[in-house]
Number of protein chains: 2
Amino acid sequence: MFSKACEYGIKATLYISEQALHSEKKIGVKDIAKEINSPEAFTAKIMQILTKKKIVKSAKGPSGGFFIPKEELDKIMLSEIVEAIDGDHIYKGCGLGLDQCNADKPCPVHDKFKLIRDELAEMLTKTSLLELANGLDSGLTFLKR
Amino acid sequence: MFSKACEYGIKATLYISEQALHSEKKIGVKDIAKEINSPEAFTAKIMQILTKKKIVKSAKGPSGGFFIPKEELDKIMLSEIVEAIDGDHIYKGCGLGLDQCNADKPCPVHDKFKLIRDELAEMLTKTSLLELANGLDSGLTFLKR
DNA sequence: GTCTTTATATGATTTTTATCATAAATCCCA
DNA sequence: TGGGATTTATGATAAAAATCATATAAAGAC
């Protein structure tokens, strides 16, 4: 469904979000990689994308790291992360990979896929980091294993 | 969503299905590749998977090729093709790529994804080749461009 | 039976994605 | 003001997916 990079990106962001609930401390990429079971250097690269897209903030130097202000958690939606890393292909792309596929000249599965993609899009645009971070924090959901 | 191989596989099968509506003639891989805009050799490889999985039948020699008996078109579901080529990962895999992710120990997006994956699964298991071939045949849907 | 046509099988190449490694820049603190 | 810590930036490597190429086998036509 998503690329590996996107999966890691979501997990990393969620881990940062959960931490933001409790403290202002910034989180290093080493911590993140450990907590979400991801290769460290690759994770660093993904974090760069996310900071460039202004989804997470970063600070250099000692006690630096990545963070998201607590007040923003309910305003950042899952869709932003997905689009930042994987683009809008999932929403807009044709299920059979046709370049042009729309209601006018649809592929055989266009209508059926549209229903599902729209639903996916809605889910992603309506799910906030806060909501998911709360689930993690309450021990109901998990980021590894 | 699907791999390239799977996209080609679906398109190829649909093209064969549409032809089956009209004639008993077998269809060569060259024809298929032309009609669905796919690389010929790669298409051949995919067709082998589909024949091995008994989704399409094949015949060697002159006027040989691939075909599906007309009577079977309404019994073959899209899901069979997807599973043959991409496996059941789309249905069963975790949205965040966790090895173990289930109701007991769910990832943060488990529930939300389950709804969508289940819907996708239902759509695929209920859509027959016949239905899609009819759409193609009536000129309502297209396999290229 | 030989020749042509077509699928089958297999392996090589290319491209993309994922991962790793290193150098540069920035910041904090002493 | 300099040095260590840490992000940032960039490029190299590895792995996987997609594509290409070639050789083999089977079937029908003559």
Side-chain angles (χ1 to χ4, degrees), chain A residues 1-13 16 19 24-34 36-68 82 84-87 89-90 93 96-97, chain B residues 1-13 15-16 19 24-68 82 84-87 89-90 93 96-97:
Chain A
M1 183 91 83
F2 301 131
S3 71
K4 221 78 181 145
C6 192
E7 290 178 0
Y8 292 147
I10 293 172
K11 286 193 260 192
T13 312
I16 295 173
Q19 297 313 106
E24 306 273 302
K25 256 194 295 188
K26 300 167 190 66
I27 305 165
V29 67
K30 199 167 289 188
D31 269 353
I32 296 173
K34 198 182 299 170
I36 70 174
N37 252 339
S38 65
E40 194 177 315
F42 189 36
T43 307
K45 192 172 266 187
I46 296 165
M47 293 314 296
Q48 287 172 44
I49 298 174
L50 292 174
T51 53
K52 200 167 286 179
K53 300 269 180 160
K54 309 271 175 69
I55 294 170
V56 307
K57 298 186 193 315
S58 70
K60 295 181 182 179
S63 81
F66 300 93
F67 65 101
I68 302 175
V82 173
I85 300 176
D86 277 355
H89 174 72
I90 305 187
L96 297 185
Chain B
M1 184 92 84
F2 302 131
S3 70
K4 221 76 182 145
C6 191
E7 290 178 359
Y8 292 148
I10 294 172
K11 286 194 260 192
T13 312
Y15 175 59
I16 295 173
Q19 296 313 106
E24 306 273 302
K25 256 194 291 186
K26 301 167 190 67
I27 305 166
V29 68
K30 199 166 292 189
D31 267 352
I32 296 173
K34 198 182 299 171
E35 284 302 322
I36 70 174
N37 251 341
S38 66
E40 193 177 316
F42 189 36
T43 307
K45 196 171 266 185
I46 297 164
M47 292 315 296
Q48 285 173 45
I49 298 173
L50 293 174
T51 53
K52 201 166 284 176
K53 300 269 179 156
K54 309 271 175 74
I55 294 170
V56 306
K57 298 187 193 315
S58 69
K60 293 182 184 178
S63 79
F66 300 93
F67 64 100
I68 303 174
V82 173
I85 300 176
D86 277 354
H89 174 71
I90 304 188
L96 296 185

Atom pair distance, as rounded to whole Å: [atom1] in [X] and [atom2] in [N]:
X	N	atom1	atom2	answer
B:F66	C:dA7	CZ	P	5 Å
B:K26	C:dT6	NZ	P	12 Å
A:E40	D:dT8	CD	P	14 Å
B:I49	D:dT19	CD1	P	13 Å
B:D86	D:dA16	CG	P	16 Å
A:M47	D:dT6	CE	C1'	14 Å
A:L50	D:dT7	CG	P	14 Å
A:H89	C:dT16	NE2	P	14 Å

Output a table of nitrogen or oxygen pairs between the protein and nucleotides 9-13 of chain C separated by less than 3.5 Å.
from	atom 1	to	atom 2	distance (Å)
C:dA9	N7	B:Q48	NE2	3.2
C:dG11	O6	B:K45	NZ	2.5

Please confirm whether the shortest side-chain N or O distance from A:Y8 to OP1 or OP2 of C:dA18 is below 4.0 Å. no
Can you sort out the partners of B:F66 under ring-ring contact (aromatic ring centres under 6.0 Å, His included), two or more places apart, ordered by chain and number? none
For B:Y8, enumerate each residue passing the ring-ring contact (aromatic ring centres under 6.0 Å, His included) test, keeping only those at least two apart in sequence or located in another chain. B:F42
Return the nearest nucleotide to the side chain of B:P39; candidates are D:dT19, C:dT8, D:dA18. D:dT19
By nearest atom, which of the nucleotides D:dT8, C:dA18, D:dT19 is closest to the A:S3 side chain? C:dA18
Would you please name every residue forming a side chain to side chain donor-acceptor pair (under 3.5 Å) with [X], sequence neighbours left out?
X	result
A:N37	none
A:S58	none
B:S3	B:D86

Could you tell me which residues satisfy salt bridge (charged side-chain N to carboxylate O under 4.0 Å, His left out) with A:K57, sequence neighbours excluded, listed by chain and number? A:E72
Going by the rule salt bridge (charged side-chain N to carboxylate O under 4.0 Å, His left out), which residues pair with A:K30 if we only count those two or more places apart in sequence or in a different chain? none
So how far is it from A:I46 CD1 to A:T13 OG1, rounded to the nearest 0.5 Å? 9.5 Å
I need the A:E7 CD to A:I85 CD1 distance, nearest 0.5 Å. 10.5 Å
Can you list the residues that meet the side-chain contact (heavy atoms from CB on, under 4.5 Å) rule with A:I90, with sequence neighbours excluded? A:F2, A:V82, A:L120
Could you list all the salt bridge (charged side-chain N to carboxylate O under 4.0 Å, His left out) pairs where at least one residue sits in residues 37-56 of chain A, not counting sequence neighbours? none
Could you list by number each residue of residues 27-34 of chain A showing a heavy-atom separation from DNA chain C of less than 4.0 Å, or answer none if no residue does? none
I'd like a list of close polar pairs between nucleotides 24-30 of chain D and the protein, N/O only, cut-off under 3.5 Å.
from	atom 1	to	atom 2	distance (Å)
D:dA26	O4'	B:K60	NZ	3.3

